[in-house]
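One structure is given below, encoded as structure tokens.
Not measured: the values here are computed from a predicted model.
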Amino acid sequence: MFSAAVFILVVSGVDLGHSRPFLGDSGNRFPVQNKSEEVRSAAIKRLLEVFGMEDPPASLRRGHKQPPQYMLDLYNTVADVDGVTKDPTLLEGNTVRSFFDKLHSQQVEFMFNLSSVARNEKVLTAELHLFKLRPQASLTFNRHHFCQVSIFLLLDNPKINISQGKKLVSSRLIPLHSNGWEVFTITQAVRTWITDEHSNLGFLVTVQTLAGIQLDVRMVRFASKQNHHHSKQPMLILFTDDGRRVTSPEGALKGSDSQAGPKFPLPNLTLPGPGHRRARSLDYDEDPERKPCQRLPLYVDFEEIGWSGWIVSPRGYNAYHCKGSCPFPLGQNMRPTNHATVQSIINALKLTKGIDTPCCVPDKLFSINLLYFDDDENVVLKQYDDMVAGSCGCN
């Protein structure tokens, strides 16, 4: 599915965001003005479908907004420098969304706009991240060393009694003298919001002594957007799954050999020079100079496509592609399936007319990760399956 889109965008040299040609083979460079607008639109639409989008997010000025450090650290944990997934078990689900507080209240109340989360997106874990500031130096702790921080879900209830208008969703002890990020799990509350968006009235945070007495607000303070640096803003983090995850193990293709593929990091290959494309149905005997099945670079540059305004990382990635012949006899170095071996034999012996030699195709595929801004300027980390040809074989 993805290879067809990349073929149009990369091999044909269509530039989706600029007037200059795409960086592809020099023998395949064509000015974008010579390409049909219909083909260009279809290519963009098809590529967006691969990334699970109907339209690209609105472009942001470079440096207009900084991604949360948590999201940058998470991306670097699950992806290598090219965005390729290090270990598919590291990330829960295939999407991580970050949201900043929209309420900006002087009280310890927070609200997050979750309209960008689709109804069919399964919320696996939801976390409220609050940055605890140091207590003011003039305060003394006396006999108190811990405090009870409670997170309440605000309810749409007109009753005067505030206890009737809130529901406890998370609570735990934290040291009074500490500072830094505190994380509270609030999964069920967020699931309720996704089901009924009108129930989203925000959170209330309370801080009490172990005896249930309200603490001085100067003793336990959490950072807020209007008073503190953006790197300490309250955040809601959602780990979700959009249902697009491939059920087969990472890297394995249906019907392919179960042999292990190459280990990370993937080898760096020199970009191929200009050449002429040949039909892959040609027999090896008819084209003796054709190289055997191998993996070659196929770089997808998001800046050339015109998407660098909203994609934070990576700036591009090497999708690789498979090219070459599968001549008889097929050696194990060509990683043939049993079916490919039999097909090669039938072709060589000319036992049946119209049987071609096996094709050189990916037999291992890996996922990549994108870190990007959505339309609401929230930062999203999403994992996409089957985006990089890890190795090639005859099939």
Side-chain angles (χ1 to χ4, degrees), residues 68-71 74 92-93 96-117 122-135 144-228 230-240 378:
Q69 188 61 45
Y70 174 85
M71 297 297 288
L74 183 61
E92 184 181 13
V96 184
R97 297 182 180 273
S98 62
F99 303 86
F100 286 118
D101 173 40
K102 299 295 184 182
L103 194 59
H104 314 317
S105 171
Q106 294 297 328
Q107 303 181 45
V108 192
E109 295 183 18
F110 308 102
M111 179 175 285
F112 303 91
N113 182 2
L114 306 183
S115 59
S116 59
V117 183
K122 183 179 180 181
V123 177
L124 304 176
T125 301
E127 298 175 345
L128 179 63
H129 291 221
L130 301 177
F131 190 89
K132 184 178 179 298
L133 303 168
R134 290 187 183 278
H144 301 301
H145 298 285
F146 289 87
C147 62
Q148 184 84 25
V149 178
S150 301
I151 313 297
F152 290 91
L153 180 67
L154 295 177
L155 306 175
D156 186 10
N157 195 313
K159 295 183 179 180
I160 298 177
N161 188 346
I162 188 62
S163 64
Q164 299 290 330
K166 62 182 182 180
K167 177 183 178 182
L168 180 66
V169 294
S170 184
S171 183
R172 62 185 181 84
L173 298 177
I174 63 174
L176 278 171
H177 57 79
S178 67
N179 77 298
W181 287 102
E182 299 290 344
V183 179
F184 301 86
T185 302
I186 51 172
T187 307
Q188 193 55 50
V190 172
R191 286 174 179 168
T192 301
W193 287 350
I194 300 300
T195 304
D196 179 14
E197 59 181 332
H198 299 293
S199 65
N200 182 1
L201 301 179
F203 290 111
L204 173 67
V205 179
T206 64
V207 183
Q208 298 177 326
T209 66
L210 300 186
I213 301 174
Q214 193 74 23
L215 277 172
D216 189 326
V217 293
R218 296 172 300 166
M219 185 172 290
V220 178
R221 301 176 300 147
F222 294 104
S224 59
K225 181 176 182 179
Q226 64 270 30
N227 297 324
H228 303 95
H230 68 84
S231 64
K232 299 178 181 179
Q233 291 183 42
M235 289 189 303
L236 179 63
I237 304 294
L238 301 189
F239 294 83
T240 70
N378 299 312

Let me confirm one number: the [atom1]-[atom2] distance from [X] to [Y], rounded to the nearest 0.5 Å.
{"X": "Leu204", "Y": "Ile151", "atom1": "CG", "atom2": "CD1", "result": "8.5 Å"}
{"X": "Phe131", "Y": "Ser231", "atom1": "CZ", "atom2": "OG", "result": "7.5 Å"}
{"X": "Glu127", "Y": "Thr187", "atom1": "CD", "atom2": "OG1", "result": "7.5 Å"}
{"X": "Phe110", "Y": "Leu154", "atom1": "CZ", "atom2": "CG", "result": "11.5 Å"}
{"X": "Phe146", "Y": "Thr209", "atom1": "CZ", "atom2": "OG1", "result": "14.0 Å"}
{"X": "Leu128", "Y": "Phe203", "atom1": "CG", "atom2": "CZ", "result": "6.0 Å"}

May I ask you to test the [X]-[Y] pair for a side-chain heavy-atom distance under 4.5 Å?
{"X": "Phe184", "Y": "Val205", "result": "no"}
{"X": "Ile174", "Y": "Val207", "result": "no"}
{"X": "Leu210", "Y": "Leu173", "result": "yes"}
{"X": "Arg97", "Y": "Asn378", "result": "no"}
{"X": "Val117", "Y": "Phe99", "result": "yes"}
{"X": "Asp101", "Y": "Phe112", "result": "yes"}

Indicate the atoms forming the closest heavy-atom contact of [X] with [Y], along with that distance.
{"X": "Cys147", "Y": "Val220", "value": "SG-CG2, 4.0 Å"}
{"X": "Val123", "Y": "Ala126", "value": "CG1-CB, 4.5 Å"}
{"X": "Met235", "Y": "Trp181", "value": "CE-CH2, 4.3 Å"}
{"X": "Phe100", "Y": "Pro68", "value": "CZ-CG, 3.6 Å"}
{"X": "Met111", "Y": "Asn200", "value": "CE-O, 3.8 Å"}
{"X": "Ala223", "Y": "Pro234", "value": "O-CG, 3.4 Å"}

Do the side chain of [X] and the main chain of [Y] share a donor and acceptor less than 3.5 angstrom apart?
{"X": "Lys167", "Y": "Leu155", "answer": "no"}
{"X": "Lys132", "Y": "Leu176", "answer": "yes"}
{"X": "Arg172", "Y": "Gln148", "answer": "no"}

The test is side-chain contact (heavy atoms from CB on, under 4.5 Å); show your working for Leu236 and Leu114 and say whether it passes. CA-CA 10 Å; Leu236 179 63; Leu114 306 183; 3.7 Å; yes
Arg191 meets the salt bridge (charged side-chain N to carboxylate O under 4.0 Å, His left out) criterion, sequence neighbours left out, with none
